[in-house]
Number of protein chains: 2
Amino acid sequence: MFVKPMGILERKDREKKKMRGLILKTAMKLFLEEGFENVTVRRIAERIEYSPAAIYLYYKDKDEILYAIHEIGFEKLYKQQQTILSIKNPWKRLKKHGSNYINFALENHEYYDLMFIMRGPAKKIKEKEEWEIGLRSFEFLKKNINECIKAGYLSKVNLDVAAFAFWSLTHGIASRLILC
Amino acid sequence: MFVKPMGILERKDREKKKMRGLILKTAMKLFLEEGFENVTVRRIAERIEYSPAAIYLYYKDKDEILYAIHEIGFEKLYKQQQTILSIKNPWKRLKKHGSNYINFALENHEYYDLMFIMRGPAKKIKEKEEWEIGLRSFEFLKKNINECIKAGYLSKVNLDVAAFAFWSLTHGIASRLILC
DNA sequence: TTAATTACTGAACATTGTTTATGTTTGTTA
DNA sequence: TAACAAACATAAACAATGTTCAGTAATTAA
């Protein structure tokens, strides 16, 4: 019996990932430029110089590409939020947290739509039960708010309620800024 | 030369309006049940027992039906908001204003999506420059907030900023409640 | 009754997402 | 090497979509 040479399997794996990455990158670019609904699988395929059918060998359907982008969006948001850790004053940090969030929404507003506003992906997320990535950002916010409470900047408020209201406010501002 | 008998023209006009109403009502019902994107022109036509092409004699395209619903949604919201006028205390009234808004969003959340969350119609609105109906509700909010300020419930805040923040907060809460 | 206007439709068009039957390249085994 | 298997990729087709248009039926006018 033969042992399969690892090099080949690894290369295949690499190539598969590369292909998925290529599709994703191309789809992202198109989605950001023209919005999810206005991009066809055919156009993505054309860009990467493959047949439309090839896409379906790497992603189950069009929605799954969107879902992958969704994950990337949350990753971006989380990374951007981490930058405020250098601010020592909890209150200043929380304010920066909010303005950062709004800036993120404005600068990546197509991402933002995909993440929070459009209903389409929301369905997908519930099915998949993979909201952890989104929740991570919310936990980070709660941590920041908690430190504001401990430092006496917010008096006698329930942590969850405060976090919910804070996110709602920033999200509301962002949505209104995007839509108007 | 003959003068056209008015009765016939009036009847025709009535019938035209009736037909538009029938299409709208049917489309609304379907949109509310299944979402704009999942309803086809063919299904609307089928429901009213006309050919798909007939729809296009009364509405330019599918989006225009959505736009008409959009207007109705704002009308509903505005009417519902008016009910708080009976509350004399400005602060209580403002709080009711907010909870009403959230209730409206939850109870008519498909409407609400069409009005604020989905991007599709937003494009349409900008083209048409008919945001007046939406703005009317915002003006009403500003009036309420202004009276809170005058009555000393809100100290030293800019009216527009306060109104903006208030709507953002309620909108944010509503959006999050709908999406989660 | 005939002509003109209006209301409507059937059939078709161009696109969409997706699947399937088929070929083609690459890897494995003898 | 030759023969077989697996992976990869595609062309072609499918079903469904929004929309249009030539033509038909119904209504109104002369």
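In what follows, chains carry the letters A, B, and so on, assigned in the order in which the sequence lines appear, proteins first and then strands, with residues in each chain numbered from 1.
In this structure, B:I55 places its CD1 atom 16 Å from P of C:dA7, rounding to the nearest Å. Rounded to a whole Å, the CG atom of B:L57 is 18 Å from the P atom of C:dT5. Between B:L66 atom CG and D:dG18 atom P there is a gap of 13 Å when expressed in whole angstrom units. When rounded to the nearest whole Å, the span between CG of A:D61 and C1' of C:dT19 equals 13 Å. Rounding to whole angstrom units, CG of residue B:D13 and C1' of C:dA7 are separated by 15 Å. In this entry the distance linking CD of A:E64 with P of C:dG17 reads 16 Å, nearest Å. Per the geometry, CD belonging to B:E34 stands 11 Å off P belonging to D:dT17, to the nearest Å. Rounded to whole angstrom, the span from the CD1 atom of B:I48 across to the C1' atom of C:dC8 amounts to 12 Å.
The CG atom of B:N103 sits 11.5 Å away from atom OG1 of B:T170, with the distance rounded to the nearest 0.5 Å.
A cation-pi arrangement, defined by a distance under 6.0 Å to the six-membered ring centre and an angle within 45 degrees of its axis, is present between B:K62 and B:F36. Geometrically, B:R20 engages B:Y59 in a cation-pi contact defined by less than 6.0 Å to the ring centre and at most 45° from the axis.
Ring-centre distance between A:Y101 and A:H97: not below the 6.0 Å cut-off.
Ring pair B:F140/B:Y78 is perpendicular by interplanar angle, where above 60° counts as perpendicular and below 30° as parallel. Relative ring orientation between A:Y112 and A:H171 is described as tilted, the plane-to-plane angle lying within the 30° to 60° band.
Contact annotation: B:Y50 side-chain N/O to C:dC8 OP1/OP2 distance is under 4.0 Å. The shortest distance between the side-chain N/O atoms of B:Y58 and the OP1/OP2 oxygens of C:dC8 is below 4.0 Å. For A:Y56 and C:dT20, the shortest distance from a side-chain N or O to OP1 or OP2 is not below 4.0 Å.
Looking at B:E75 and B:R136, a side-chain N of the basic residue comes within less than 4.0 Å of a carboxylate O on the acidic one, giving a salt bridge.
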Under 3.5 Å, N/O pairs linking protein and nucleotides 12-16 of chain C:
none

